[in-house]
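Below is one structure; the comments refer to it alone.
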Amino acid sequence: MDRSAVPVDTLRARIGAAVVVQGWLQNKRASKDLYFLEVRDGSGLVQCVVSRHEVDDASWSAAVRITQESALTVRGTVVANARQIGGVEIQVSSAEIFSLADEYPISPKAHGVEFLMDRRHLWLRSRRPWATLRVRNRVIMSIHEFYQERGFVQMDAPILTSSAVEGTSTLFGIDYFSTPAYLTQSGQLHGEAMAMAFGKIYTFGPTFRAEKSKTRRHLTEFWMMEPEMAFYDLDMNMDLAEDFIVRLVSDVLRDCQEELKVLGRDTAPLSRVQKPFPRLTYEEAVDLLKSDATRDLLHQRAKGLREKLTALSNERMQIRQQYGQAKQWKRRRMDARRIEINRQQSAAEEELRNIPGWERSAREFEWGSDFGGSDETLLTWHFDRPIIIHRYPAPVKAFYMKRDPEDDRLALGMDVLAPEGYGEIIGGGERATDLAFLQRQVDDHNLPREAFEWYFDLRRYGSVPHAGFGLGLERTVAWICCLEHIREAAPFPRTLGRLSP
RNA sequence: UCCUCGGUAGCUCAAUGGUAGAGCAUGCGGCUGUUAACCGCAGGGUUGUAGGUUCGAGUCCUACCCGGGGAGCCA
């Protein structure tokens, strides 16, 4: 241990200074009298240059012997070098191995998702997880700052619950001292109780869904942030959600430039996340979905995909022709490109296969159903920022939603859909205040009245208009980072068929 | 549960029904500024499992197992 060790992300401010850095070896490159050690300490990455004639024998031999992911201490001088990550490197005066690592399974090359997920505990050390999970951290901090600044109080809803909010089919059941219990799927109802006590509250914790969904948008365990506000109506709720999303994105844009760069995230779409978000009633959304404009967008998309496939197959042929006489390093690049071509080709083919189904689903959409995944994606294609859809048919929303006073068929629910195909990141609405209505709703949904007596009390004693929503943390992070799969947005994701590591 | 794509070296992927290959990783050698460094040499395989068709199966057929993506459901 060396108490004078400094974090790598502070080196830029220490040019010319002698420093100590402790970390792990991410990768190394060598020539006869020179070793380049890429050292990672969690805060960042720095190249350390070991020159044979400028270090003692012990340090030189450490540089020669050290393996990927060994822990080490490096002493040296910080030198400006514009070509390096962070703009600096360390000219090493001495290096010492803390512990020599066995052969590391994750080589600095391409790997498949299953291989990496089986080694998630090690994969966390790589660049992409580093960037993604630091964005996640920024989002979490922004969530707290945003609500605390507005006078919200953080409260925690219970994780173990006695009853289902909307049926038990999607809940994980457990044995609670011989009584059946469930892992929470939402802090919603308890949030309402806390809002009646504290005015404006938010909960932030793990949530569990036993849905057998195998898609890039689903986890069985995820973190949900749920604000709940007394004396709030649907419009105020939508305003809050809008301010909230704008704040999250702008904080990440301001503080996570390096992370977004590592992820290769195009920041232009994020910069467009400004107020106001387009707001559509369910009715308007249905009309848009069934419109010629939607059909044209789909046809345009299909045309673009077909052109892309042609271009990819041309490139593949070109590579095949050149491969025979190519130099080895060029072949390697071609191999990498060929893999990327295959990946893009199967993605494009899959989407092309799906498009007729998407078109049918959109055209034949019937008033009263809920939007499917493809419908949501199509709706967002019409806009350049998140959109809010509100006033859904009551049957597709939860029993506790308030009815629209203007039209009793509708519930005052609202969803925020992220652009670029990431779907619903927020779902919420104004809650029903009338006791008799809620009791009828519980009966109509075949839910046990006894389980909701405490909830009914909130309407017996000082019932007020109130509203709230839930934000899925991982979906939000996946969208902001432009991840291919939501599982990358959690350190140890839990999905259908994955409970380890 | 259904639809769809896949399973070949430690990893990522090639291979008209006809002798299973490449790159990376590993080991050895070379190189004074590398950026997934590069160059040379070497070791490394029961092609997911079980059947079937065939003179001959990684390739075709059947069943099963495992994984990816999607539908339903949802944040």
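Throughout, protein chains are lettered first and strands after them, A, B, ... in sequence-line order, and every chain is numbered starting at 1. In what follows, every heavy atom counts, from backbone to side chain, and hydrogens, waters and symmetry copies are set aside.
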Strictly by modelled atom types, are E192(A) and H466(A) linked by a side-chain donor-acceptor pair under 3.5 Å? yes
Interatomic distance, E484(A) CD vs rG68(B) P [rounded to whole Å]: 13 Å
Identify all stems in which RNA chain B takes part, counting only runs of at least 3 consecutive pairs (Watson-Crick or G-U wobble, each distance under 3.5 Å), and give each as one range with another, ordered by first number. B:1-7 with B:65-71, B:10-13 with B:21-24, B:26-30 with B:38-42, B:48-52 with B:60-64
Is the ring centre of F244(A) less than 6.0 Å from the ring centre of Y147(A)? yes
May I have the distance from R360(A) (atom CZ) to rG70(B) (atom P), rounded to whole angstrom? 18 Å
Report yes if a side-chain nitrogen or oxygen of K212(A) is closer than 4.0 Å to either non-bridging phosphate oxygen (OP1 or OP2) of rG72(B); otherwise report no. no
Where the side chain of F36(A) is defined as all heavy atoms beyond and including C-beta, which of rU32(B), rG33(B), rA71(B) is the nearest nucleotide? rG33(B)
Calculate the interatomic distance between L116(A) atom CG and rG10(B) atom C1'; express it in whole Å. 14 Å
What's D118(A) touching, base or sugar-phosphate or nothing? Going by heavy atoms closer than 4.0 Å. nothing
Given rA75(B), rU34(B), rU32(B), the nucleotide with the shortest approach to the side chain of R29(A): rU34(B)
Which part of the nucleic acid does Q84(A) contact within heavy-atom distance under 4.0 Å: base, sugar-phosphate only, or nothing? base
Base, sugar-phosphate or nothing for L34(A)? Non-hydrogen atoms, less than 4.0 Å. base
Atom CD of Q68(A) and atom C1' of rG27(B): how far apart are they, to the nearest Å? 17 Å
Same-atom distance (P) from rG18(B) to rU32(B), integer angstrom: 48 Å
Taking only N and O in the side chain of R119(A), is any of them less than 4.0 Å away from OP1 or OP2 of rG10(B)? no
Under 3.5 Å, is there a donor on one side chain and an acceptor on the other for S142(A) and R138(A)? yes
For rG58(B) versus rC73(B), give the span between their C1' atoms, rounded off to a whole number of Å. 39 Å
Within 6.0 angstrom of W24(A) CH2, more than 12 heavy atoms from elsewhere: no
Paired with E488(A), the side chain to side chain donor-acceptor pair (under 3.5 Å) test is passed by just one of R128(A), R136(A), R216(A), namely R128(A)
E69(A) atom CD is separated from rG10(B) atom P, nearest whole Å, by 22 Å
Describe the nucleic acid contact of E89(A) in one word from base, sugar-phosphate, nothing, applying a heavy-atom distance below 4.0 Å. base
Answer with base, sugar-phosphate or nothing: what part of the nucleic acid does I426(A) contact at a heavy-atom distance below 4.0 Å? sugar-phosphate
Measuring only the C1' atom in each nucleotide, how far is rC24(B) from rC38(B)? A whole number of Å is fine. 14 Å
Under 6.0 Å from the six-membered ring centre of F365(A) and within 45° of its axis: does the NZ or CZ of K290(A) meet both? no
So does R216(A) get a side-chain nitrogen or oxygen closer than 4.0 Å to the phosphate oxygens (OP1/OP2) of rG70(B)? yes
Verify the distance criterion only: is there a donor paired with an acceptor across the side chains of T67(A) and S70(A) at less than 3.5 Å? yes
Rounded distance in Å between the C1' positions of rA71(B) and rU19(B): 46 Å
Below the 4.0 Å mark, does rG69(B) have OP1 or OP2 next to a side-chain nitrogen or oxygen of R487(A)? yes
The side chain of H218(A) lies closest to which of these nucleotides: rC74(B), rU34(B), rG70(B)? rC74(B)
Interatomic distance, R475(A) CZ vs rC74(B) P [rounded to whole Å]: 11 Å
Could you check whether Q26(A) and R125(A), counting side-chain N and O atoms only, form a donor-acceptor pair closer than 3.5 Å? no
C1'-based separation of rA57(B) from rU16(B) [nearest Å]: 14 Å
Would you say E89(A) and Q47(A) are linked by a side-chain donor-acceptor pair, where the criterion is simply a distance under 3.5 Å? yes
Using the aromatic ring of F222(A) (for Trp, its six-membered ring), decide whether it stacks on the base of rA75(B) within the limits of 5.5 Å and 30°. yes
How far does the C1' atom of rU8(B) sit from the matching atom of rU12(B), given to the nearest Å? 12 Å
Distance check needed: rG33(B) P versus I85(A) CD1, whole Å only. 20 Å
For nucleotides rA9(B) and rA63(B), find the distance between their P atoms and express it as a whole number of Å. 26 Å
With nearest nucleotide decided by heavy atoms, which residue, T215(A) or Q47(A), maps closer to the 5′ end of RNA chain B? Q47(A)
Between the base of rG72(B) and the side chain of S213(A), is there any donor-acceptor pair under 3.5 Å? yes
At under 4.0 Å, does any side-chain N or O of H485(A) touch on OP1 or OP2 of rG69(B)? yes
Flag this pair as yes if the NZ/CZ of R119(A) is under 6.0 angstrom from the six-membered ring centre of F115(A) and inside a 45 degree cone about the axis; otherwise no. yes
Could you tell me how far rG45(B) sits from rG51(B) if I compare only their P atoms? Round to whole Å. 23 Å
Result for 5'-nearest mapping on RNA chain B, choosing between Y104(A) and N27(A), is Y104(A)
Whole-Å distance, E351(A) CD to rG69(B) P, equals 15 Å
Mind checking if Q91(A) touches a base, just sugar-phosphate, or nothing, with heavy atoms under 4.0 Å? base
